Structure formats: C-alpha cells, structure tokens
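Here the structure is laid out as structure tokens; the discussion comes afterwards.
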Protein chains: 2
Amino acid sequence: MKSIGEEIQQSEFSDVYQELGINILFTAAWFGERNRLALKDYDISLPQFNVLRILRGQKGQPISVAGLCDRMIDKSSNASRIVDKLEARKLVSRRVCDKDRRQVDVVITDKGTSILEELNEKVPSFKTIMAKQLSTKDAEVLNFALDQIRNQK
Amino acid sequence: MKSIGEEIQQSEFSDVYQELGINILFTAAWFGERNRLALKDYDISLPQFNVLRILRGQKGQPISVAGLCDRMIDKSSNASRIVDKLEARKLVSRRVCDKDRRQVDVVITDKGTSILEELNEKVPSFKTIMAKQLSTKDAEVLNFALDQIRNQK
DNA sequence: GTACATTTAATGTATGTACATATATTTGCA
DNA sequence: TGCAAATATATGTACATACATTAAATGTAC
C-alpha cells in the first residue's frame with residue numbers, strides 16, 4: 001500500500017500533522033480526479049455536477065444563487081456562471097423570485113434530473129470507494145475528527 | 001461545534017461514507033482558503049507556494065518539470081506555467097539539463113528562499129491548525145485511514 | 001545509421017476561479 | 001416619502017486549470 005509520502009515522493013514530513021494536512025489535500029484531489037474522469041464523457045464539470053446534486057436535494061423547491069453558494073464546497077466558485085452553463089443546456093431553469101425580485105430561483109429540469117440519474121451510475125459513490133477499507137465506525141470517527149479540525153479559533 | 005452537515009446546510013446524508021467524502025473535500029477547501037488568505041499579501045498563488053516548497057525540499061538539487069508534477073498535489077496543474085510565473089519574479093531559475101536536453105532543471109533562487117521564509121511565518125502550519133484538537137496518535141490513525149482509502153482496487 | 005516511437009516541456013484553447021465592480025431591488029431611517 | 005445603506009445577482013478581468021497538440025531530444029528496431 002502506498003502511503004502519502006510515497007505518493008508524492010516525499011521521504012519525510014516535519015511532523016505527523018503536516019503529513020495529515022497534505023494527506024487530506026491529496027485525498028480530496030484524488031476524489032476529484034476520479035469524479036472528473038467519470039463525468040468527462042458527459043461534458044459536465046465537477047462544479048456543475050455538484051450544483052445539479054444540490055438542486056436535486058431541494059426536491060423541487062427552488063434555491064437562490066446565494067443559497068447554492070452556501071451549499072457548495074468551493075465557496076469562491078461563481079455559482080452564477082455555473083448556472084449559466086447549466087441553463088444553456090436546459091439542465092436547470094432560472095426565474096426571478098416574486099417575493100424578492102433581486103433573487104433568482106433556480107430549479108433542476110426534468111432533463112437535468114435524468115442526466116443526473118445517468119451520472120450517478122457512472123460516478124462511484126463515496127460508499128463504494130470507502131466501505132471496503134473503512135468500517136462505519138471508523139468513518140464516524142473520521143467525520144468527528146475533521147469537524148473538530150475545522151472548528152478551532 | 002459545526003458539523004459538516006451544518007456547514008453546507010445539508011440535513012442528512014445518504015450514509016456516513018457520503019458524509020465523510022464531502023467532509024474530506026470540504027476540509028481540503030477550508031485549508032486552501034486559509035492558506036490563500038495568508039499568501040494574498042505576497043501575491044503568490046497556492047500552487048506557486050507549493051512549487052516553492054517542493055524546490056526547497058530539494059535542498060539545492062535541481063528537479064525537472066515532470067518531477068514537480070509528480071510531487072504536486074493537483075496533478076493536472078500546469079507546472080510549466082507556474083514555473084514561468086515564478087521565474088519572471090526571479091524566485092526560481094530554469095536551465096536545460098545537460099544530460100538530457102529535453103529536460104529542464106528547476107531550482108529555487110536565494111530570493112525565492114527568503115520569500116519562502118517570510119511566508120512560512122504567515123502561513124499557519126498544519127500542526128498549528130490541528131494539534132489542539134488532535135493528538136499525534138489520532139493524526140496517525142487518520143493518516144493510515146486516508147492512505148487506505150486511496151489504496152483500493 | 002535511418003525511420004519511427006517515446007519522452008519532455010511548452011503552447012493553444014476553452015472553461016473555471018478569484019476578486020473587484022456594476023446594476024437592480026429592497027430595507028431602514030430621518 | 002425620500003434617500004442612503006444593504007443585499008442579490010451579474011459581469012469584467014486577470015490568472016489558473018483541463019486537456020489536446022506541438023516541438024525538440026532521445027531511444028529503439030531494423
């Protein structure tokens with residue numbers, strides 16, 4: 001099995017926390033590459049895929065562009081332009097919100113939903129990727145540890 | 001303390017592995033944002049910073065562009081162009097390798113080394129970020145788990 | 001030794017990101 | 001009401017990424 005040190009050919013880290021930081025970054029990038037590869041044939045970028053999944057999670061309820069930003073992993077990505085691309089392909093639709101006409105309501109279309117279903121078969125779920133090596137107990141412990149890492153002064 | 005579900009306002013995940021996957025991606029992005037903020041004043045991008053650190057790790061020994069790619073976290077980033085920017089600011093130097101004239105040897109300059117020293121004071125180390133919430137033992141366990149996740153068929 | 005394949009780096013192009021600014025709408029308050 | 005401040009989205013820009021292609025050097029088969 002390749003350790004993170006072998007992966008990036010770094011023989012030693014200054015300490016185990018440094019190793020862990022790099023390991024988290026590298027593992028995230030590794031997930032990204034896997035998913036990008038799976039999406040390639042459909043000409044859908046990773047952020048586009050994520051937006052579609054957030055919209056599906058809304059179960060038909062519209063969400064504003066700012067709401068999308070809040071739920072996106074990469075906070076600085078430009079949700080407005082990602083929605084542009086998706087709208088151009090009719091995978092989502094956009095409508096000015098009646099109650100607050102500054103807001104724009106975004107919803108996934110039927111076409112978007114059906115593409116997403118196809119994609120879900122191609123993109124391996126995190127469960128598929130991790131369940132063999134990690135018990136649910138392990139996963140819970142990891143989740144707790146990551147939550148803790150981000151919650152420091 | 002905010003869990004990952006609270007961070008991205010997702011009330012429920014399909015399973016704990018899905019939650020963990022998102023958690024890893026989100027934590028990596030969170031690290032990235034912190035570092036980018038710290039580097040902003042120096043007008044050095046994250047990948048540029050990473051390249052400088054790889055070069056410093058070489059302890060004066062030159063490395064090829066392909067060698068940089070291997071050691072970089074984001075495999076698809078264009079090392080050639082990142083080196084362009086660094087060379088333009090005289091933080092690294094580039095020279096055709098004598099033994100194999102297809103290769104280019106990259107080394108960090110004194111100016112690059114001294115900027116990197118400054119940056120290391122500004123950019124919080126992973127140890128600083130994580131040591132309070134995580135024992136070294138915990139960190140070791142996490143490292144092992146992440147290595148395992150990436151090493152599946 | 002020539003011809004072809006492989007390797008290394010650079011470049012071209014489309015898209016995405018980071019960050020500032022612009023535009024429209026709503027809110028708060030004198 | 002009228003007007004400044006705040007909010008929501010879109011847009012402008014420079015740079016970075018993803019991926020294909022090009023150009024030069026080296027390796028290999030004949």
Side-chain angles (χ1 to χ4, degrees), chain A residues 25 28-52 62-89 91-107, chain B residues 25 28-30 32-52 62-89 92-107:
Chain A
L25 293 175
W30 184 83
F31 285 150
E33 278 159 41
R34 284 179 65 102
N35 284 348
R36 193 170 38 251
L37 195 70
L39 295 173
K40 206 176 159 185
D41 295 336
Y42 293 82
D43 205 37
I44 289 206
S45 72
L46 221 42
Q48 286 173 15
F49 181 57
N50 290 333
V51 165
L52 287 177
I63 187 172
S64 68
V65 174
L68 278 175
C69 283
D70 289 342
R71 287 170 177 75
M72 288 176 74
I73 287 166
D74 199 344
K75 294 308 181 198
S76 59
S77 69
N78 200 325
S80 190
R81 278 176 176 124
I82 293 167
V83 172
D84 279 349
K85 304 278 171 179
L86 292 172
E87 194 184 33
R89 293 176 62 183
L91 304 180
V92 308
S93 70
R94 194 151 42 173
R95 221 188 63 188
V96 170
C97 175
D98 288 332
K99 293 182 181 165
D100 182 342
R101 304 207 349 239
R102 289 170 303 183
Q103 286 189 19
V104 169
D105 284 341
V106 183
V107 292
Chain B
L25 293 175
W30 184 83
E33 279 161 39
R34 284 178 66 102
N35 284 349
R36 192 169 38 252
L37 196 70
L39 295 173
K40 208 176 159 184
D41 296 337
Y42 292 82
D43 203 38
I44 289 205
S45 72
L46 222 42
Q48 285 173 16
F49 181 57
N50 289 333
V51 166
L52 286 178
I63 188 172
S64 69
V65 174
L68 279 175
C69 283
D70 288 342
R71 287 169 178 74
M72 287 177 76
I73 287 166
D74 199 345
K75 295 306 180 199
S76 59
S77 69
N78 198 325
S80 190
R81 278 176 176 124
I82 293 167
V83 172
D84 279 350
K85 305 280 171 178
L86 292 172
E87 193 184 33
R89 293 175 61 184
V92 307
S93 70
R94 194 154 38 177
R95 222 190 61 187
V96 171
C97 175
D98 287 331
K99 294 182 183 167
D100 184 340
R101 303 210 345 242
R102 290 171 301 186
Q103 286 190 18
V104 169
D105 285 340
V106 183
V107 293

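Convention: sequence-line order gives letters A, B, ...; per-chain numbering from 1. Worth saying up front: this structure is predicted, and the values here are computed from it rather than measured.
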Minimal non-hydrogen separation, A:G32 against A:L46, with atom names: O-CD2, 3.7 Å
Salt bridge (Lys or Arg N to Asp or Glu O under 4.0 Å) contacts in which one or both residues fall within residues 76-88 of chain A, not counting sequence neighbours: A:D84-A:R94, A:E87-A:R94
Interatomic distance, B:K75 NZ vs D:dC19 C1' [rounded to whole Å]: 17 Å
Under the side chain to side chain donor-acceptor pair (under 3.5 Å) test, residues paired with B:N50 that sit two or more places apart: B:R53
Nearest-angstrom distance from the residue atom CG of A:L86 to C1' of C:dT15: 13 Å
By side-chain contact (heavy atoms from CB on, under 4.5 Å) - contacts of A:K75 (at least two apart): B:I8, B:F26, B:E33
Close residues, residues 40-49 of chain A, relative to DNA chain C [heavy-atom separation under 4.0 Å]: A:S45, A:P47, A:Q48
With sequence neighbours excluded, residues passing ring-ring contact (aromatic ring centres under 6.0 Å, His included) with B:F49: none
With sequence neighbours excluded, residues passing salt bridge (Lys or Arg N to Asp or Glu O under 4.0 Å) with A:R95: A:D98
Side chain to side chain donor-acceptor pair (under 3.5 Å) involving B:D70 - partner list, sequence neighbours excluded: none
Footprint string (nucleotides 7-13 of chain D, 5' to 3'): B base within contact, S backbone only, - free, heavy atoms under 4.0 Å: BSSSBBB
Nucleotide D:dT17, atom P - distance to NZ of B:K85 in whole Å: 11 Å
Side-chain N or O of B:K99 closer than 4.0 Å to phosphate OP1/OP2 of D:dT26: no
Rounded interatomic separation in angstrom, taking CZ from A:R101 and P from D:dA6: 23 Å
Contacts of B:A79 that satisfy side-chain contact (heavy atoms from CB on, under 4.5 Å) - sequence neighbours left out: B:V65, B:L68, B:C69, B:M72
